[in-house]
Amino acid sequence: MKSNLLLKNMTIRFDREILHDVSYEFKSGYFYLLQGQSGIGKSSLLNVLGLLKRPIAGEVVYDGQNLWSLDDATQARVRLKDYGFVFQQHNLIDTMTLEENLKVPLLKSNLPEAKKAARVTAILDKLGLEDQRHMLPEDLSGGEDQRGAIGRALISGARII
Ligand SMILES: Nc1ncnc2c1ncn2[C@@H]1O[C@H](COP(=O)(O)OP(=O)(O)O)[C@@H](O)[C@H]1O
Ligand SMILES: [Mg+2]
């Protein structure tokens, strides 16, 4: 199902106000580029959209629901099922191999093991990471780590990356 992501009247404040009364509609099927000088509030905005940081005011509406009105457990399920995250750094869990990291979003899925393994193989192939399959994140290059994170973001078919 196609659904737009709405940011409604969002305000972010730490010791000072970072963003004030921001609204925007992110349309399904589009890529968005968020541009601005360092410290302007880009990551803060993404953290609010990603259900990682609760705003002072405002809503994030998806499938007709304000995601910030959901309880913690339901939010966690939404993050797992509907979101794929690629952070700027420290993406992968450092005690797990690349393959194990890629399978994290599938931990609660009913998919048979063989299907999960096939998906991992397909993603590793697409990202050129077949040789790194059993490596730990500390042994990956920065770019390999980032590509691994992209693979993890895509593996479960998340609708919001
Ligand atoms: N947890 C926090 N506590 C206090 N100030 C913060 C916190 N997180 C971010 N800030 C401040 O908010 C502003 C916006 O930060 P951020 O969203 O990370 O900027 P950007 O990603 O655009 O570079 C910065 O001035 C930053 O120092
Ligand atoms: Mg940032």
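Whatever order the structure lists ligands and atoms in, that order sets their numbers, starting from 1.
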What does the list of residues with a heavy atom under 4.0 Å from ligand 1 look like, ordered by chain and number? F14, R16, I18, Q37, S38, G39, I40, G41, K42, S43, S44
With distance as the sole criterion, is a donor-acceptor pair present between the side chains of R159 and S28 under 3.5 Å? no
Using 2.8 Å as the threshold, say whether any N, O or S atom from Q88 sits that close to the Mg ion (ligand 2). no
So, taking the atom named CD in Q75 and the one named OH in Y83, what distance separates them when rounded to the nearest 0.5 Å? 9.0 Å
Can you tell me how the ring of F85 sits relative to the ring of F87, calling it parallel under 30°, perpendicular over 60° and tilted otherwise? parallel
Side chain to side chain contact (heavy atoms under 4.5 Å, CB included) evaluation trace for L45 with L19: CA-CA 8 Å; L45 187 147; L19 295 169; 3.9 Å; yes
Would you please say whether a donor-acceptor pair under 3.5 Å links the side chains of S44 and N47? no
For L92, which of T97, L136, L140 qualifies under side chain to side chain contact (heavy atoms under 4.5 Å, CB included)? L140
